[in-house]
Amino acid sequence: MTAYIDPSRANFDAFKALPRDEPIHMLNLLLYRDRAEYPEGHEHADKGWSGRRAYEEYGKTSGPIFRRVGGTIVWRGAFQAMVTGPEDRRWHDGFVAQYPNSAAFFEMIKDADYQQAVVNRTAALADSRLVRFKPREGGEGF
């Protein structure tokens with residue numbers, strides 16, 4: 001199974017080519033490592049944290065930056081079952097982050113404090129997906 005933690009150059013270039021002046025939703029699917037894998041010498045490397053605990057640290061340290069750029073969580077859930085898709089695929093958690101526009105997302109990931117915080121995300125995850133959506137109206141039908 002191929003794991004995805006960071007975007008490929010081609011996928012990130014496609015993301016950057018999309019409109020930057022409209023709201024975006026980012027679907028995040030997360031599969032945590034049993035034990036976080038920090039780089040040698042990192043301040044958390046010898047704490048024995050689980051992947052979930054390392055992701056909590058990522059949330060704590062990146063949260064102020066996420067909120068400063070106008071980000072909010074519009075949906076969050078814990079995985080229960082794969083209904084359509086590979087039977088061996090599972091996720092621990094999922095959420096949808098909303099940004100006022102992709103410029104806000106770029107502002108966040110370029111922030112020096114965020115770049116330090118993202119080490120916790122990388123240490124935490126065995127696999128992930130990050131998918132951009134253009135928000136549309138909800139309602140009672142599909």
Side-chain angles (χ1 to χ4, degrees), residues 1-40 42-45 47-142:
M1 173 177 70
T2 302
Y4 299 88
I5 307 299
D6 296 313
S8 69
R9 173 55 47 203
N11 285 356
F12 197 65
D13 287 346
F15 175 83
K16 291 189 309 187
L18 292 169
R20 294 190 181 199
D21 59 350
E22 61 189 24
I24 63 171
H25 282 176
M26 300 290 278
L27 170 63
N28 292 255
L29 299 174
L30 311 172
L31 181 67
Y32 305 116
R33 297 177 192 274
D34 291 333
R35 184 178 169 114
E37 294 183 9
Y38 282 96
E40 190 174 322
H42 188 274
E43 65 179 311
H44 302 313
K47 292 185 176 177
W49 285 355
S50 67
R52 183 179 295 278
R53 173 61 184 92
Y55 201 85
E56 289 170 359
E57 187 70 14
Y58 166 66
K60 184 173 83 173
T61 55
S62 67
I65 303 151
F66 173 66
R67 290 186 294 277
R68 179 177 48 77
V69 302
T72 58
I73 302 298
V74 297
W75 173 86
R76 180 184 317 270
F79 179 84
Q80 290 186 315
M82 181 67 71
V83 179
T84 301
E87 293 175 17
D88 63 342
R89 168 50 57 211
R90 63 186 176 87
W91 302 102
H92 288 120
D93 289 320
F95 65 91
V96 175
Q98 176 177 278
Y99 297 87
N101 51 50
S102 63
F105 180 84
F106 291 123
E107 180 182 342
M108 179 183 74
I109 64 173
K110 289 179 183 177
D111 183 281
D113 289 334
Y114 178 84
Q115 291 175 7
Q116 289 182 351
V118 80
V119 173
N120 294 297
R121 180 185 183 278
T122 302
L125 297 175
D127 198 6
S128 69
R129 299 295 185 273
L130 181 61
V131 185
R132 176 181 165 163
F133 288 91
K134 180 178 181 172
R136 294 170 71 182
E137 286 295 316
E140 295 180 17
F142 297 111

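In what follows, every heavy atom counts, from backbone to side chain, and hydrogens, waters and symmetry copies are set aside. We number each residue from 1, following the sequence as shown.
Summarising the local packing, NZ of Lys16 is surrounded by more than 12 heavy atoms from other residues, nucleotides or ligands at distances under 6.0 Å. Under a cut-off of 6.0 angstrom, the local environment of CG in Asp34 is sparse, with at most 12 non-hydrogen atoms contributed by other residues, nucleotides or ligands.
Nearest heavy-atom pair, Pro100 versus Gly71, reported as atom, atom and distance to 0.1 Å: CD-N, 4.4 Å. When all heavy atoms of Ser102 and Arg20 are compared, the closest pair comes out as OG-CA, 3.0 Å. Pairing each heavy atom of Arg89 with each of Phe79, the nearest pair is O-CZ, 4.0 Å. Nearest heavy-atom pair across Ala124 and Gly51 is CB-O, 3.1 Å. Residues Pro7 and Phe12 approach most closely at CG-CD1, 4.0 Å, considering heavy atoms. Contact between Arg121 and Asp6 at its shortest, heavy atoms only, is NH1-OD1, 4.1 Å.
Rounded to the nearest 0.5 Å, atoms CZ (Arg132) and CG (Leu27) are 14.0 Å apart. Atom CG of Leu30 is separated from atom CG of Leu125 by 5.5 Å, given to the nearest 0.5 angstrom. The distance from the CG atom of Asn28 to the CD1 atom of Ile73 is 7.0 Å, given to the nearest 0.5 Å. Here Ile65 contributes atom CD1 and Asp113 contributes atom CG; the two are 5.0 Å apart, rounded to the nearest 0.5 Å. Rounding to the nearest 0.5 angstrom, the gap separating the CZ atom in Arg90 from the CD atom in Gln80 is 14.5 Å. Distance CD1/Ile24 to CZ/Phe15: 4.0 Å, rounded to 0.5 Å.
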* Check step by step if side chain to side chain contact (heavy atoms under 4.5 Å, CB included) holds for Phe66 and Phe105. => CA-CA 8 Å; Phe66 173 66; Phe105 180 84; over 6 Å; no
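For the pair Glu22/Asn101, no side-chain contact is recorded, criterion being any heavy-atom separation below 4.5 Å from C-beta on. Counting heavy atoms from C-beta on, the side chains of Asp127 and Trp91 come closer than 4.5 Å.
Looking at Asn120, its side chain does come within 3.5 Å of a backbone N or O of Ala117 through a donor-acceptor pair. The closest donor-acceptor contact from the side chain of Gln115 to the backbone of Ile109 lies under 3.5 Å. Ser128 contributes a side-chain N or O that, together with a main-chain N or O of Tyr4, makes up a donor-acceptor pair within less than 3.5 Å.
Among residues at least two apart or in separate chains, salt bridge (charged side-chain N to carboxylate O under 4.0 Å, His left out) pairs with a member in residues 91-109 are Arg52-Asp93, Arg68-Glu107.
Ring pair His42/Tyr38 is parallel by interplanar angle, where below 30° counts as parallel and above 60° as perpendicular. Taking the six-membered ring for Trp and thresholds of 30 and 60 degrees, Tyr55 and Phe95 have ring planes inclined between 30 and 60 degrees apart.
Considering only residues two or more places apart in sequence or on other chains, Glu57 meets the side chain to side chain donor-acceptor pair (under 3.5 Å) condition with Arg53, Lys60. Taking the side chain to side chain donor-acceptor pair (under 3.5 Å) definition, one finds that Arg76 meets it with nothing, sequence neighbours left out.
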